[in-house]
Amino acid sequence: MQRAIALVDCNNFYVSCERLFQPKLEGKPVVVLSNNDGCVVSCSREIKELGIKIGTPWFQLRDIARQYGIVSFSSNYTLYADLSNRVMSLLSQFSPDQEVYSIDESFLDLTGIPGRHGDYGQQIRVTIRRCVGIPVCIGIAPSKTLAKLANHIAKKQTMYRGVCNFNAMVAAELDSLLSGIEVGEVWGIGRRITSRLKMMGIHTVLDLKRAPAKRIRAEFGVVTERTAAELNGECCLELEGVTSPRQQIICSRSFGSLLSSLSDLEQAVIAYVSRAAEKLRSERSVAGGIQVYIRTNPHRERDPQYRQSILMALSSPTDNTRLLCHAALTGLRQIYRTGFSYQKAGVMLTEILPASARPRSLFDDIDAQQRSASLMSTLDRINRRMGSGTMQLLGEGLRKDWAMKRGSLSQRCTTEWGELPSVQALVECRNGKRHE
DNA sequence: TCTGGGGTCCTAGGACCC
DNA sequence: TCTGGGGTCCTAGGACCC
């Protein structure tokens with residue numbers, strides 16, 4: 001039986017989330033910005049039509065934004081994560097085998113599901129739109145890589161009405177579609193490989209599909225070889241149903257303004273370690289090492305530049321925020337240099353293993369460990385219930401001059417009682433939808 | 001003035017061993 | 001003068017993804 005893998009991808013996901021509660025923004029140019037309102041990370045169709053690309057620094061768009069009345073939002077991850085969960089949970093009802101690939105994408109295995117998969121795809125679209133309000137497009141194909149491309153076409157070519165099924169096409173039709181797509185659009189073919197492929201005369205997806213496997217292997221390695229095989233309909237990448245525990249947890253951020261004092265950096269590092277440790281405990285894991293790094297702003301070429309990182313081993317793997325902070329601060333003091341303006345710091349938890357597999361030592365202080373575990377779980381419970389950051393280490397500081405800028409943040413409409421939309425706003429939402 | 005954050009996998013090369 | 005071959009493990013860095 002032919003494999004049928006569907007890729008469901010939300011359209012301009014962050015922008016769609018914002019529009020959901022402000023339907024008057026339908027048809028208007030809207031962008032969502034990264035942390036610190038730095039770069040564009042999601043943009044509406046109207047923005048793409050203006051030639052603006054994802055990743056463009058926002059300050060470079062100030063003039064054009066005024067000219068075209070662009071509406072901008074700071075990123076509201078609480079809102080996006082909640083709406084994503086709703087989409088994913090609905091999608092899980094359409095297939096026994098789902099891989100949630102990212103916040104706005106999910107693979108579904110449709111192999112063996114009876115009926116025409118194109119119709120099934122339309123049914124999925126309508127359901128997501130009606131129940132959550134987010135528009136999605138769907139690509140269906142025998143491999144994940146081809147499903148990605150089918151999705152790309154479903155988004156670009158309106159004649160497919162949001163669902164493109166490669167499995168329903170004859171070979172010549174498919175090849176003609178593939179010959180019209182640049183090779184850089186392929187999942188797994190990034191900027192570097194694209195330019196090297198082009199030097200070899202491989203420009204389109206069809207060119208890569210037809211390239212000799214041995215040559216691709218020799219030039220680019222096993223990963224790209226697999227990608228090419230997937231283009232030929234060979235399914236090399238299986239769906240990964242259960243998410244395996246992470247191997248590293250990173251928390252890093254640029255500061256709202258440049259920092260130079262060690263004490264400011266210490267506050268930020270304590271805050272980042274706290275976030276990372278919270279994630280670690282939520283996965284019931286412990287970490288054996290913690291890496292800290294700091295850097296100046298590489299874009300300010302005239303300023304003296306410095307970047308350094310250090311990996312600290314822990315005497316025994318732990319999930320305790322205070323122990324992790326102690327290691328991180330020891331490291332930070334070793335790499336800190338005076339005379340620089342720092343723009344960013346980060347911490348990375350490594351050597352992660354399940355808490356149940358933590359090695360025991362003869363010298364473990366069982367009492368102290370139990371007290372620490374109970375302190376941490378109380379901390380997490382309070383912050384889950386009362387909101388993140390309700391209870392924190394004093395070392396994070398209270399003023400947080402370094403905290404990131406989020407100038408145009410929307411409400412957390414679906415997760416905070418205090419930020420629920422008013423009845424009137426909801427009526428406006430509904431009326432807005434009717435006009436579509 | 002202002003340029004994000006969080007991940008994974010693979011490979012090359014060095015250290016070390018027999 | 002001529003200096004092997006094969007294996008493992010670790011780390012840093014590159015490339016990719018959203």
Side-chain angles (χ1 to χ4, degrees), chain A residues 7-10 12-14 31-43 52-63 65 72-77 80-81 84 99-107 144-145 148 151-152 183-197 217-227 236-237 240 243-258 268 272 275-276 279-280 283 289 291 293 295-303 307 309-311 313 341 343-352 404-407:
Chain A
L7 174 70
V8 184
D9 191 325
C10 302
N12 321 324
F13 183 54
Y14 298 166
V31 295
V32 174
L33 305 174
S34 63
N35 282 344
N36 274 316
D37 297 340
C39 304
V40 172
V41 289
S42 175
C43 45
I52 294 171
K53 296 256 166 13
I54 293 211
T56 312
W58 178 232
F59 73 88
Q60 288 176 1
L61 298 174
R62 283 284 147 79
D63 289 341
S72 68
F73 289 94
S74 306
S75 31
N76 182 348
Y77 285 105
Y80 311 150
S84 168
E99 174 187 344
V100 177
Y101 177 68
S102 74
I103 193 165
D104 69 337
E105 280 173 82
S106 177
F107 289 103
K144 284 169 133 183
T145 306
K148 278 270 199 182
N151 191 289
H152 172 79
V183 71
E185 293 291 340
V186 176
W187 189 39
I189 306 294
R191 264 208 335 270
R192 298 296 174 101
I193 295 182
T194 301
S195 69
R196 283 168 60 201
L197 281 170
R217 170 71 184 249
E219 282 287 328
F220 303 100
V222 60
V223 181
T224 309
E225 184 193 24
R226 236 179 261 151
T227 297
C236 307
L237 307 167
E240 288 161 31
T243 45
S244 38
R246 277 181 285 197
Q247 296 166 33
Q248 51 183 229
I249 292 174
I250 295 175
C251 183
S252 70
R253 283 193 190 23
S254 308
F255 310 125
S257 52
L258 298 178
Y272 300 168
R275 295 298 92 73
K279 262 190 241 171
L280 184 70
E283 304 206 339
Q291 190 176 346
Y293 83 89
R295 71 160 165 78
T296 51
N297 185 347
H299 297 286
R300 291 169 68 121
E301 285 166 11
R302 281 183 313 217
D303 286 8
R307 62 187 302 161
S309 74
I310 187 169
L311 176 63
S341 297
Q343 185 222 14
K344 184 174 180 178
V347 300
M348 180 162 98
L349 303 179
T350 61
E351 292 161 58
I352 290 176
M404 65 183 176
K405 287 181 285 202
R406 295 204 285 181

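Just so we're on the same page: letters track the sequence lines, and every chain starts at 1.
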- Counting only heavy atoms not in A:R192, do more than 12 fall under 6.0 Å of its CZ? no

- Item | B:dT3 and C:dC18, which share atom name P, separated by this distance in whole Å | 25 Å

- Note on the structure: If one requires at least 3 consecutive Watson-Crick or G-U pairs with distances under 3.5 Å, the stems of DNA chain C turn out to be B:5-18 with C:5-18

- Message: Angle between ring planes, A:Y80 versus A:Y14, binned at 30° and 60°: parallel, tilted or perpendicular?
- Response: parallel

- When the ring planes of A:Y272 and A:F255 are compared, do they come out parallel, tilted or perpendicular, using 30° and 60° as the limits? parallel

Just distance, no hydrogens or angles: give the donor-acceptor pairs under 3.5 Å from side chains in residues 217-224 of chain A, sequence neighbours left out.
| residue | atom | partner | partner atom | Å |
| --- | --- | --- | --- | --- |
| A:R217 | NH1 | A:E225 | OE1 | 3.0 |

Could you pull out the protein-nucleic contacts involving nucleotides 15-18 of chain C (nitrogen or oxygen on both sides, under 3.5 Å)?
| residue | atom | partner | partner atom | Å |
| --- | --- | --- | --- | --- |
| C:dA15 | OP2 | A:R192 | NH1 | 2.8 |
| C:dC16 | OP1 | A:G190 | N | 3.1 |
| C:dC16 | OP1 | A:G190 | O | 3.3 |
| C:dC16 | OP1 | A:R192 | N | 3.4 |
| C:dC16 | OP1 | A:I193 | N | 2.9 |
| C:dC16 | OP2 | A:R192 | N | 3.3 |
| C:dC17 | OP1 | A:G188 | N | 2.9 |
| C:dC17 | OP1 | A:I189 | N | 3.4 |
| C:dC17 | O3' | A:W187 | NE1 | 3.4 |
| C:dC18 | OP1 | A:K148 | NZ | 2.8 |
| C:dC18 | O3' | A:S102 | OG | 2.9 |
| C:dC18 | O3' | A:D104 | OD1 | 3.1 |
| C:dC18 | O3' | A:E105 | OE2 | 3.2 |

- Note on the structure: With sequence neighbours left out, the residues meeting salt bridge (Lys or Arg N to Asp or Glu O under 4.0 Å) with A:E283 are A:R246

- Residues forming a salt bridge (Lys or Arg N to Asp or Glu O under 4.0 Å) with A:K148, sequence neighbours excluded: A:E105

Without decimals, in angstroms, what is the distance between [X] [atom1] and [N] [atom2]?
| X | N | atom1 | atom2 | value |
| --- | --- | --- | --- | --- |
| A:R302 | B:dC2 | CZ | P | 10 Å |
| A:M348 | C:dT11 | CE | C1' | 11 Å |
| A:R62 | B:dT3 | CZ | C1' | 12 Å |

- Would you indicate whether the side-chain heavy atoms of A:V31 and A:C43 approach each other to under 4.5 Å? yes

- Minimum side-chain heavy-atom gap A:K344-A:Y293 below 4.5 Å: yes

- Query: What string of B, S and - do you get for nucleotides 4-10 of chain B 5' to 3' if you count protein non-hydrogen atoms under 4.0 Å?
  - Reply: SSSSBSS

- Heavy atoms of A:W187 and A:T227 approach each other most closely as O-CG2, 3.7 Å

- Could you tell me whether a side-chain N or O of A:S74 sits under 3.5 Å from a main-chain N or O of A:G407, the two making a donor and an acceptor? yes

- Message: Would you say A:R300 places a side-chain N or O within less than 4.0 Å of OP1 or OP2 belonging to B:dT3?
- Response: no

- Task: Describe the nucleic acid contact of A:N297 in one word from base, sugar-phosphate, nothing, applying a heavy-atom distance below 4.0 Å.
- Result: sugar-phosphate

- Query: Quick one: CG on A:N36 to CZ on A:R406, what's the gap to the nearest 0.5 Å?
  - Reply: 9.5 Å

